[in-house]
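One structure is given here, and the rest of the page talks about it.
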There are 2 protein chains.
Amino acid sequence: MKKKSDRLSPPERRSQLIEATLICLMREGARGLSSRKICAQAQVSVGLLNHHFSRQEQLVAAAYEESSRRHHETLRARIQADAQNQDAPIKTLVSCAFEEDIMHPDQLRAWVVFWSKTIDSKMMRATHDRINERLQSYLIEVLAQSLPNCAGDLRVLAIEYSALVDGLWLDWSLNGKHQSAELWQTILNQWLDRTLALASAPVPD
Amino acid sequence: MKKKSDRLSPPERRSQLIEATLICLMREGARGLSSRKICAQAQVSVGLLNHHFSRQEQLVAAAYEESSRRHHETLRARIQADAQNQDAPIKTLVSCAFEEDIMHPDQLRAWVVFWSKTIDSKMMRATHDRINERLQSYLIEVLAQSLPNCAGDLRVLAIEYSALVDGLWLDWSLNGKHQSAELWQTILNQWLDRTLALASAPVPD
DNA sequence: GCTATTGTTGAACGATCGTCCAATACTATT
DNA sequence: AATAGTATTGGACGATCGTTCAACAATAGC
């Protein structure tokens with residue numbers, strides 16, 4: 001037997017289980033949310049899950065948090081890397097919205113599961129609210145940099161943007177014939193163009 | 001015993017089961033999708049379900065179709081009833097988007113379930129595509145009436161609109177503190193104002 | 001009124017679910 | 001080296017899942 005030591009520190013094991021959860025949810029959606037499948041993915045016995053997470057709900061909430069954290073981090077990295085658009089970082093955000101590591105259809109599979117759990121779980125709702133507020137704050141920050149002379153409420157604009165992007169992702173991912181994201185990307189681009197044009201000249205009256 | 005005849009014609013029984021499914025999904029979300037719960041809601045024995053629907057998948061697809069049909073019908077009725085806005089029926093559509101019978105948070109519970117099933121079921125995906133295309137055609141029709149002089153592609157605008165509305169509904173329904181839809185309604189109103197303004201004067205160059 | 005058809009019932013089946021827990025294996029402390 | 005503490009295992013439990021099916025009840029055709 002080559003097994004010498006499979007023991008990990010609790011934080012390592014926890015994040016390993018979270019990783020396995022994300023893989024299962026991205027692969028199978030709601031059908032992948034199973035203690036046994038997740039533990040099999042992590043190559044770990046079933047009982048271990050409840051040693052590190054008291055209930056499945058807590059694992060899912062942690063996975064939601066982690067998925068959002070990664071998403072957020074990827075966005076930050078993209079904006080930071082794109083120095084030439086620093087005057088309007090929202091352009092960078094928009095232009096990479098449908099790239100593979102930002103939003104893959106598989107990832108939306110997992111998100112739909114998170115949303116469905118958010119509906120009937122207090123803890124998931126709290127997690128969702130926290131995640132949402134973090135992303136919203138960041139979006140406001142990005143918009144403030146992009147539209148320094150905007151008269152309108154940036155928070156409102158941030159909600160509109162994230163709603164639009166979520167809706168486009170949904171439509172794109174659920175669509176039966178989603179080869180390319182070109183159409184949805186174009187829609188988002190046009191929305192940005194219009195928004196930027198209006199924000200620059202907000203008083204045509 | 002007062003039971004004289006509980007027997008219904010197949011179409012009646014089918015729609016009764018579909019109705020029960022919608023109630024269960026709206027009440028409990030994914031947890032409500034259970035043959036036994038649905039049959040209990042319909043006050044009917046478990047075995048009857050598989051007599052009228054060969055698999056649960058077919059029942060869910062039928063419920064999705066029915067839910068969309070009702071939604072569509074309600075929208076049509078609103079627009080038809082609102083005669084004064086006949087020049088821009090999109091205004092009517094927008095202004096009632098968050099009214100109770102158009103989109104209740106409970107209804108989104110059911111929709112999230114439909115979406116999650118759309119991800120890993122061929123039949124559900126086909127149903128989703130059919131539903132989506134019907135709604136899109138209607139939206140294009142409404143937009144054509146509202147923007148007779150619009151130079152842009154109405155199909156693209158329709159996709160943007162429905163994505164935005166879906167996203168706003170999601171954000172509104174999942175939000176922990178969603179007392180009033182006022183904020184989201186305002187966002188949608190402002191989007192429409194901007195869109196109408198640009199469509200009326202599309203060549204500022 | 002008899003028969004064929006069909007809507008309806010509810011028990012039963014096997015599968016899978018989340019969780020629990022006694023036993024075990026590993027690590028750290030003394 | 002002995003002990004305490006904990007990470008890990010995997011079987012067991014009860015619940016619930018979707019589906020099947022033989023039996024029953026209501027209807028339709030004759």
Side-chain angles (χ1 to χ4, degrees), chain A residues 1-21 24-25 27-64 113-114 116-117 120-124, chain B residues 1-21 24-25 27-64 113-114 116-117 120-124:
Chain A
M1 295 305 159
K2 59 188 73 170
K3 284 191 177 184
K4 296 177 69 175
S5 174
D6 284 358
R7 186 176 281 204
L8 296 182
S9 77
E12 284 175 318
R13 187 65 80 192
R14 277 177 60 94
S15 60
Q16 186 201 15
L17 288 169
I18 289 172
E19 174 68 26
T21 304
C24 286
L25 290 186
R27 188 200 299 137
E28 300 194 80
R31 278 179 47 247
L33 182 54
S34 144
S35 299
R36 283 172 179 80
K37 285 183 181 177
I38 291 168
C39 289
Q41 171 65 36
Q43 291 184 312
V44 136
S45 79
V46 250
L48 189 57
L49 208 159
N50 291 98
H51 180 72
H52 293 280
F53 298 90
S54 60
R55 287 177 294 140
Q56 189 185 73
E57 187 186 27
Q58 301 211 0
L59 172 63
V60 179
Y64 192 12
V113 176
F114 294 141
S116 89
K117 295 291 170 186
D120 50 23
S121 153
K122 224 169 191 171
M123 152 173 295
M124 282 295 287
Chain B
M1 296 303 161
K2 60 187 71 170
K3 285 190 177 184
K4 296 178 71 177
S5 173
D6 284 358
R7 186 175 280 204
L8 296 182
S9 77
E12 284 175 320
R13 186 66 80 191
R14 277 178 61 93
S15 60
Q16 186 202 13
L17 287 170
I18 290 171
E19 173 69 26
T21 303
C24 286
L25 290 186
R27 188 201 297 137
E28 300 193 80
R31 278 179 48 246
L33 183 54
S34 143
S35 298
R36 284 172 179 80
K37 285 182 182 178
I38 290 168
C39 288
Q41 170 66 37
Q43 292 185 313
V44 136
S45 81
V46 249
L48 191 57
L49 209 159
N50 289 96
H51 181 72
H52 293 279
F53 297 90
S54 60
R55 286 179 295 142
Q56 189 186 71
E57 187 187 26
Q58 301 212 358
L59 172 63
V60 179
Y64 192 13
V113 176
F114 293 141
S116 90
K117 295 292 170 186
D120 50 24
S121 153
K122 223 168 192 174
M123 153 173 293
M124 281 295 286

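Values in this document were obtained by computation on a predicted structure and should not be read as measured data. Lettering follows sequence order; numbering is per chain, from 1.
- Going from atom CD of B:Q43 over to atom C1' of C:dG10 covers 16 Å, rounded to whole Å.
- The CG atom of A:L17 sits 10 Å away from the P atom of D:dT9 (whole-angstrom rounding).
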Can A:L59 and A:I38 be said to form a side-chain contact (heavy atoms from CB on, under 4.5 Å), step by step? CA-CA 10 Å; A:L59 172 63; A:I38 291 168; 4.0 Å; yes
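- Here B:I38 lies out of heavy-atom contact (under 4.0 Å) with every strand.
- Residues from residues 50-63 of chain A placing a heavy atom under 4.0 Å of any atom in DNA chain D, listed by number, are A:H51, A:H52.
- Each of A:V44 and A:R36 was matched to the nucleotide of DNA chain D holding its nearest heavy atom; the match closer to the 5' end belongs to A:V44.
- Contact annotation: the side chain of A:V113 never approaches that of A:Y64 to less than 4.5 Å [non-hydrogen atoms, C-beta and beyond].
- At a cut-off of 3.5 angstrom, the base of C:dG7 holds no donor-acceptor pair with the side chain of B:R13.
- Computed from C1' positions of five pairs at each end, the angle between the two local axes of the helix from C:dG1-D:dC30 to C:dT30-D:dA1 equals 10°, rounded to 10 degrees.
- Put simply, CD on A:E12 is 17 Å from P on C:dC26, counting in whole angstrom units.
- Comparing D:dG11, C:dT9, C:dG18 by their nearest atom to the side chain of B:S45 picks out C:dT9.
- Between A:L33 atom CG and C:dT19 atom P there is a gap of 10 Å when expressed in whole angstrom units.
- A:E12 pairs by the side chain to side chain donor-acceptor pair (under 3.5 Å) definition with A:S9, not counting sequence neighbours.
- With contacts defined as side-chain heavy-atom distances shorter than 4.5 Å, the pair B:R13/B:V44 qualifies.
- For A:R27, the side chain to side chain donor-acceptor pair (under 3.5 Å) partners are A:Q41, not counting sequence neighbours.
- Counting to the nearest Å, the C1' atom of C:dA23 and the CG atom of A:L48 are 15 Å from each other.
- A search for salt bridge (Lys or Arg N to Asp or Glu O under 4.0 Å) contacts involving B:R55 returns B:E57, not counting sequence neighbours.
- Side chain of A:K37 to backbone of A:R31: a donor-acceptor contact under 3.5 angstrom is found.
- In this structure, B:L49 places its CG atom 18 Å from P of D:dT16, rounding to the nearest Å.
- For D:dT16, neither phosphate oxygen OP1 nor OP2 lies less than 4.0 angstrom from any side-chain nitrogen or oxygen of B:S34.
- Applying the side chain to side chain donor-acceptor pair (under 3.5 Å) test to B:R14 and every residue at least two apart in sequence or in another chain returns nothing.
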Run the numbers on A:V60 and A:M123 for side-chain contact (heavy atoms from CB on, under 4.5 Å), then give the verdict. CA-CA 10 Å; A:V60 179; A:M123 152 173 295; over 6 Å; no
